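Read the structure below first, then the notes.
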Amino acid sequence: MSVDSKDYNFGDIEANWQKFWDENKTFQAEDYSEKPKYYILSMYPYPSGEGLHIGHAINYTAPDILARYKKAQGFNTLQPMGWDAFGLPTEQYAIKTGTHPRLVTERNIETFRDQLKKVGFAIDWDREINTTDPGYMKWTQWIFLHLFKRGLAYVSDQPVWWCPELGTVLANEEVIDGLSERGNHPVERRKLRQWVLKITGYAERLLEGHKDLQWPDSSIRLQKNWIGRSTGAEVEFSLEGHKESLRIYTTRPDTLFGVTYMVLSPEHPLADQLTTEEQKVVVEAYKVEAAKKSDLERTELAKEKTGVFTGSFAINPVNNEKVSIWVADYVLMSYGTGAIMAVPGHDERDYEFAKDMKLPIVKVIEDKVAQSKGEETQLPYPGKGTMVNSGEYSDLESDAGKTKIIEDLESKQLGEASVQYKLRDWLFSRQRYWGEPFPVTWVSQEDYERVVGNADSPFQEFLPEEAVTFEAEGKLHFALPVPKNQLPLELPDVESYQPIGTGESPLAGVSDWLEIWLNTETGDSLPQSAPKPDGDNWIPGTRETNTMPQWAGSCWYYLRYCDSDNTEALIDPKLDQYWGVPDFYIGGAEHVNLHLLYARFWHQVLFDAGVSSCPEPFPKLVHQGMILGEMEYTLFEDADGNLVSANSMEDGDELNKRSLEESEVEKSGSDWVLKSNPSIKVDARSHKMSKSRGNVVNPDQLIKSYGADSTRLFLMFLGPIEDMKPWNTQGIEGVSRFLRRLWKEIVTEDRSINPKLTDGEESNQEVDKLLHESIKKITEDIERLNFNTVVSQLMILLNHLVKVESYSKKTARIFLQLLNPLAPHIAEELWNRLGGKDSISKTTWPEFDASKLVADEVKIVLQVNGKHRGELMVSVKANREEVEKTALKQERVQNSIHDKTIRKMIYVPGKILNIVAN
RNA sequence: GCCUGGAUGGCGGAAUUGGUAGACGCGCCGGACUCAAAAUCCGGUUCCUUCGGGAGUGAGGGUUCGACCCCCUCUCCAGGUACCA
């Protein structure tokens, strides 16, 4: 099995063992194995045309080490791989080149798979999935139907981000500062028919579920903030001269006495009614202006508050005071009730607005901290405190007052406690071709009711309690689910993937697919271009033209790996019982508020539907840090060619940048300066790898020059997996040298095994001790994912082995087992040459022998007043008195204490003796 | 603004419970081998020093016999988020 070579010929060795693993299915996960299961998952890649990135390599190497280690520990490990293959870049490439996206996708996957195999991952390739595969898509659509049936999917004509350049609508998350996340094109508001998923219905569950998750605290906090639960009250304000009342949401009912005006969002339904004749022109103009304003302008730094008076007044329910009602765009329609009570004394935004509009400001909360210092409460004071100027509630503390006011309002039916979330429902449709079609047919009300009335029809399974409808040109359309027997609903082949410009997807132009005759008995369909078949079971229908966003497929892919070929069910319940959900999930922290939240939502629905037996999809989550490009040094020049120090730049300065070589700069204090002119500071930092910056490191190139093992080792040696760390190509020499040294230590010039390796047990005690220390440390470090120190320890061990006269083959084999998770190819090869049968990947992880770790002597560090003053080797049995006596005789200790009196001595057995003297 | 992380030699990083700061590696310096170079091997490498020592983990203070580690204040960097009432 081994390669016939006297040198460390990593190219042949790696190809040989990769083939071996493939052919022997070494890393196949076994369904229903007796062994305990361990399911390791990494976020699957989007197979872009650019191929594998060094970030992918590091992302997949860490879990691969864990997978190989767990396998050696006796687990039935599952490490799968798949493709998140729907998506915009592929579609855009198709538009540009006229190639079918399916073809582009296949090609890209081919490349990615080859590249991943060349890194040598212990993946069970038999379970590979592809979100664009109809056999996969079927179940994505099936899950959508579950959401549909449960009333969690609805259609809404709503303003969405429309990107003219991309010809599509984007989700809030895909718009950053008014520009598209992909491509940085400007976006604008446009109203379009959209599918929306009611993720807000699961907000509470999503928060509750957090308590059982082993996630980084910061990620939990991020999701918590994103969901943004707040508690307060909804309060009714009656309106002067109107029957209706105005409902507002506040988190601070304790400030009700401080209300001096009210604000409606410009889109508020009562805005028109409340506008008096005299104010009509002003309010109308303001509303038009606000509607035109993009969110880009709303989020612009200059947050000057604007607004206009409606001419109407509201009555404060707690004190019957009359307050003016305004319209202002600092109040959002999409949060709370779209209207607020303004308390300028205790809210910064209201304060700012009140100042500008010269509205009254009242203090109703006393800042106790200021008070205790004898100072006045500074307004606006948004904190809690003692209520003042609040009638019968005065002198109560904020929290107590809050509770009491809510109670009183509730008893008078003027308000009630209320919980609000920042989280919005999930805009779930895209106007694209390359995505999952919605399994929905639009039919007339009459036809819909007929289907509903037919208890035997295959449509029944997914009919919602309340019909999903939308109105267009005065006609109401009803959403009929595509029955399970008709899934998957596949994409039609089209000539052009170009957006048709109306905002609708290219599918809207494919009439043979779009307009159908639908059989209400069987669910079958025919294009309307064909004559209508006989019988009144055939009704006309129109398919949904939106497609699902890329998130859809990734919301549940981890379940499919457990049963990737099942055509009858998403997952066999028995396999769900066996594999459950991943025991370990790793991926970028940037997915916390999107993919990870969406997937949790879907999973909870699938749990409710009985598809999964686990309440949460990802019980343990780890993020890997980004790899930055190599350190770059930048020099700045002004327009006249004068050098400018990096720290003295102003924002508005127009400066030319020039890249410098490392040899042109040096460090001075904490700054980097120009060698030729040390008064000029240069900018020194690592940047995110990007094509445009030209600092992308290609893993193929590294593997070609150094081998997959060196590459893997180096990626891990770079630093802790969760940290962001800069790349440094030179550094790979170190680990490469280490593997070459290892090779030469075991294989001699004539291809035989180095004669210094002996048969039988290890007879060198020092070697044995270090070996067992290494087993212990490496085992613990892998468990803690500290792979960088695993590499260090292996280096320390090898350095020692190289130095000693001889050691046993047994020791060498254990070394290879410890190395195997990180550098599996060379480990397999040398294992084999040392006479190992089969594959090292099938061997059991070595255990350390604690008895080998104890030494006869220990080193005691001597300190005087906490300062290092030498060290002492003493027997482990030495008692305190002996150590103290010997220590005091030491010359360096004597020198430091001779003119002082010893006050006390602190002794930590086996570690330290600190003599306190003055 | 708010919420998270983080800051240790020229560089990446180590120090697991408060106990020798700088493991391991890169780079650099010196040496061996070589006609020479590469590769390899050996030694050195935080700073200052009168060679006794002294200083030192972003800055300043505190707790402690003893602090990279705990507490307070501040600076800078990175990420997230932002009129959410």
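Please read these numbers as outputs of a predicted model, since none were measured by experiment. Reminder, nothing fancy here: chain letters follow the sequence lines and each chain counts from 1.
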### side-chain N/O A:Arg737 vs B:rU40 OP1/OP2, d < 4.0 Å
yes
#### Entry: A:Lys725 side chain near B:rG12 phosphate (N/O to OP1/OP2, under 4.0 Å)
no
### Query
Between which residue ranges does RNA chain B form stems of three or more consecutive Watson-Crick or G-U wobble pairs, both distances under 3.5 Å?
B:1-7 with B:75-81, B:10-12 with B:24-26, B:27-32 with B:40-45, B:46-48 with B:53-55, B:58-62 with B:70-74
### Task
Could you tell me if the ring centre of A:Phe714 sits under 6.0 Å from that of A:Trp727?
yes
### Message
Any base atoms under 4.0 Å from A:Lys777, or only sugar-phosphate, or nothing? Heavy atoms, all strands.
### Response
base
### Task
Pick base, sugar-phosphate or nothing for A:Leu222, based on heavy-atom distances below 4.0 Å to the nucleic acid.
sugar-phosphate
### Task
Write down the distance separating the P atoms in B:rG6 and B:rU16, rounded off to the nearest Å.
15 Å
### Task
Considering only atom P, compute the distance from B:rU4 to B:rU17 and round it to an integer number of Å.
23 Å
### Residue mapping more 5' on RNA chain B - nearest nucleotide basis, A:Gln863 or A:Tyr335
A:Gln863
### Message
So for A:Lys422 and B:rU81, does any side-chain atom that can act as donor or acceptor lie under 3.5 Å from a complementary atom in the base?
### Response
no
### Query
Would you say the base of B:rU20 and the side-chain of A:Lys859 have a donor-acceptor pair closer than 3.5 Å?
yes
### Task
Looking only at non-hydrogen atoms, find the nearest pair between A:Pro266 and A:Val331 and report the distance.
CD-O, 4.0 Å
